[in-house]
Amino acid sequence: MNRIDTENAAALHQQRQHMYDETDRYRKSFIDPATGQLRENLLELRVCPVCGSSSQHGLFSKNGGHYVRCDDCSMVYLNPVFTDSALTDYYRHNTGVQAMAHESEADFYRRIYSAGMDMVQRHVHGGNVLDIGCSSGLFLDVARERGWGTYGVELNEQEVGIAQRKGHQVWNGTIDEIPETAKFSLISLWDVFEHIKDGVAYLQNLSKRLDRGGMIFLQIPSADALAARIMRDQCNMFDGLEHVNLYGESTIQRASARAGFDLVAVDSVIDELKPLLNFLDYEHPYQGSFRSQLNLDFLTPQLIHERKLGYKLQVLLRHR
């Protein structure tokens, strides 16, 4: 199994703090200062995006958003959530800090992208790849190095320009901008699927873009993660606005089955042990010392990944 772990967690999270600060400033423009909550005119209520149940219970609030858990299938999701138009507008005008993070942390991202491609290439042996939400095109760089034809779609105009200058074919907008005749051997969504409100309908739409035998790859934050279960609202997975759906292994399998896909492979990546140890040592999980003296030798990356309790899941789907 391919596993990526943040060995130098302190440096990585300190480096990312600028990105978090910039993103927080942008997010706050969508919060009503009188209530501290997201502006009501931007929101709508919904049922469980996996099983359709209206039975849910609240977990916690963060950054103006409210996370709930489905009583029937255990899906974790934001409710209420941004309307489609508000969410599209949010991404279209977002800052370009994600692209800067990709470039400044290229070694980390290359390792995690390579792990995903190793999974893919055990089942798909080349062709054209479409990366949804391709940012500045770093994953497409990795795919091209392995001989794939590289295509992408991205809402952020700054990031589209970077990817295009690298020579990738990238459309600015949603998948609807791509000609209907274009088909792909692989469609990848790296840390994107959790941003999509109706994941079942989205997968059904993507199936029309696949070549015969083509597959979909997802990397998603995992609601099953040990770090998420213990740190809860202090875990970066829960941002209160963008991460509208947080799947675990059972819920992603259920959602993909409803969309007509079989789950071919699933793997756990990023143990998130060092932030977790900070938290257990009464420190800030991402800005602490990363020098915990807790004697938890039994809690190893291997143990976490064997039980699929890593921070993220890598998932490969095949259309029936």
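- No donor-acceptor pair closer than 3.5 Å links the side chain of Arg318 to the backbone N or O of Gly213.
- With hydrophobic clusters built from ILVMFWY side chains whose heavy atoms lie under 4.5 angstrom apart, Leu87 does not share a cluster with Val200.
- The distance from the CD atom of Gln37 to the CG atom of Asn63 is 10.0 Å, given to the nearest 0.5 Å.
- Distance alone, capped at 3.5 Å, places no donor-acceptor pair between the Asp267 side chain and the Val315 backbone.
- Around CZ of Arg212, the count of heavy atoms belonging to other residues, nucleotides or ligands within 6.0 Å does not exceed 12.
- Heavy atoms only, all atoms of each residue included: Tyr286 and Cys235 are closest at OH-CA, 3.5 Å.
- Asp198 has its side chain out of reach of Tyr202: every pair of non-hydrogen atoms, C-beta onward, lies at least 4.5 Å apart.
- Within the structure, side-chain hydrogen bond (donor to acceptor under 3.5 Å, both in side chains) contacts touching residues 52-61 (residues at least two apart or in different chains) are Ser53-Asp72, Ser55-Asp71, Gln56-Tyr77, Gln56-Asn79, His57-Asp71, Ser61-His66.
- Here the shortest heavy-atom pairing between Ala227 and Leu276 reads CA-CD1, 4.4 Å.
- A 4.5 Å side-chain heavy-atom check between Met237 and Glu272 finds every atom pair outside the cut-off.
- The main-chain N or O of Val170 is found under 3.5 Å from a side-chain atom of Gln164 such that the two form a donor-acceptor pair.
- Side-chain contact check for Lys183 versus Leu210: every heavy-atom pair is 4.5 Å or farther apart.
- Going from atom CG of Leu263 over to atom OG of Ser256 covers 5.5 Å, rounded to the nearest 0.5 Å.
- Taken together through direct or relayed side-chain contacts under 4.5 Å among Ile, Leu, Val, Met, Phe, Trp and Tyr, Leu226 and Leu294 form part of one hydrophobic cluster.
- In summary, of the residues considered (Gln314, His305, Glu249), a side-chain hydrogen bond (donor to acceptor under 3.5 Å, both in side chains) with Ser268 occurs for His305 alone.
- Taking 4.0 Å as the cut-off between side-chain N and carboxylate O, Asp191 and Lys312 count as a salt-bridged pair.
- Between Tyr90 and Tyr26, the angle of the ring planes lies from 30° to 60°, which puts this pair in the tilted group.
- Between Thr150 and Leu140, the shortest heavy-atom contact is CG2-O, 3.3 Å.
- A heavy-atom distance below 4.5 Å is not found between the side chains of Ser250 and Ser74.
- Formation of a donor-acceptor pair under 3.5 Å by the Asn172 side chain with backbone atoms of Leu155 is found in this model.
- Checked for salt-bridge contact, Asp118 and Arg146 meet the test: a charged N lies under 4.0 Å from a carboxylate O.
- Phe82 and Val47 fall into different hydrophobic clusters, defined by Ile, Leu, Val, Met, Phe, Trp and Tyr side-chain heavy atoms under 4.5 Å apart, directly or through other members.
- Interatomic distance, CZ of Phe60 versus CD of Gln234, reported as 10.5 Å (0.5 Å rounding).
- Of the inter-residue distances, the one linking Ile304 atom CD1 with Leu273 atom CG reads 3.5 Å to the nearest 0.5 angstrom.
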### Query
Would Ile270 and Ile112 satisfy side-chain contact (heavy atoms from CB on, under 4.5 Å), going step by step from the backbone distance to the final call?
CA-CA 9 Å; Ile270 308 178; Ile112 206 164; 3.5 Å; yes
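- Using cut-offs of 30° and 60° on the angle between ring planes, the pair Trp171 and Tyr151 is parallel.
- Under the side-chain contact (heavy atoms from CB on, under 4.5 Å) test applied with Ile132, the options Ile196, Leu218, Ile175, Ile216 reduce to a single match, Ile175.
- Of the N and O atoms on the side chains of Asp141 and His168, at least one donor lies less than 3.5 Å from an acceptor on the other residue.
- No side-chain heavy atom of Leu78 sits less than 4.5 Å from a side-chain heavy atom of His243.
- Between Tyr247 and Phe193, the ring planes are parallel. Angles under 30° get that label, and only those over 60° would be called perpendicular.
- Counting heavy atoms from C-beta outward, Val129 and Phe184 have side chains that stay 4.5 Å or more apart.
- For Tyr109 and Phe139, the ring centers sit 6.0 Å or farther from each other.
- Residues Leu241 and Val244 approach most closely at O-CG1, 3.5 Å, considering heavy atoms.
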### Task
Before giving the answer on side-chain contact (heavy atoms from CB on, under 4.5 Å), spell out for Glu145 and Arg110 the whole-Å C-alpha distance, their side-chain angles and the decisive distance to 0.1 Å.
CA-CA 11 Å; Glu145 290 164 7; Arg110 278 184 168 274; 2.9 Å; yes
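- Nearest heavy atoms, Met119 versus Val266: CE-C, 4.2 Å.
- Taking the six-membered ring where tryptophan is involved, the planes of Trp190 and Phe217 are tilted, since the angle between them lies from 30° to 60°.
- With contacts defined as side-chain heavy-atom distances shorter than 4.5 Å, the pair Ser135/Asn156 does not qualify.
- Heavy-atom minimum distance, Gly173 versus Val153: O-CG2, 3.1 Å.
- Contact of the Asp239 side chain with the Arg27 side chain is registered, since non-hydrogen atoms from C-beta on lie closer than 4.5 Å.
- Salt bridge present: Lys197 and Asp84 bring a charged side-chain N and a carboxylate O closer than 4.0 Å.
- When atom types are taken as modelled, the side chain of Lys166 and the backbone of Ser136 share a donor-acceptor pair closer than 3.5 angstrom.
- Glu306 and Gln302 share a donor-acceptor pair across their side chains, judged by distance under 3.5 Å alone.
- Taken to the nearest 0.5 Å, the CZ atom of Arg254 stands 5.0 Å off from the SG atom of Cys51.
- A salt bridge is absent between Glu180 and Lys208; no separation between the charged side-chain nitrogens and carboxylate oxygens falls under 4.0 Å.
- Atom CE of Met215 and atom CD1 of Ile187 lie 12.0 Å apart (nearest 0.5 Å).
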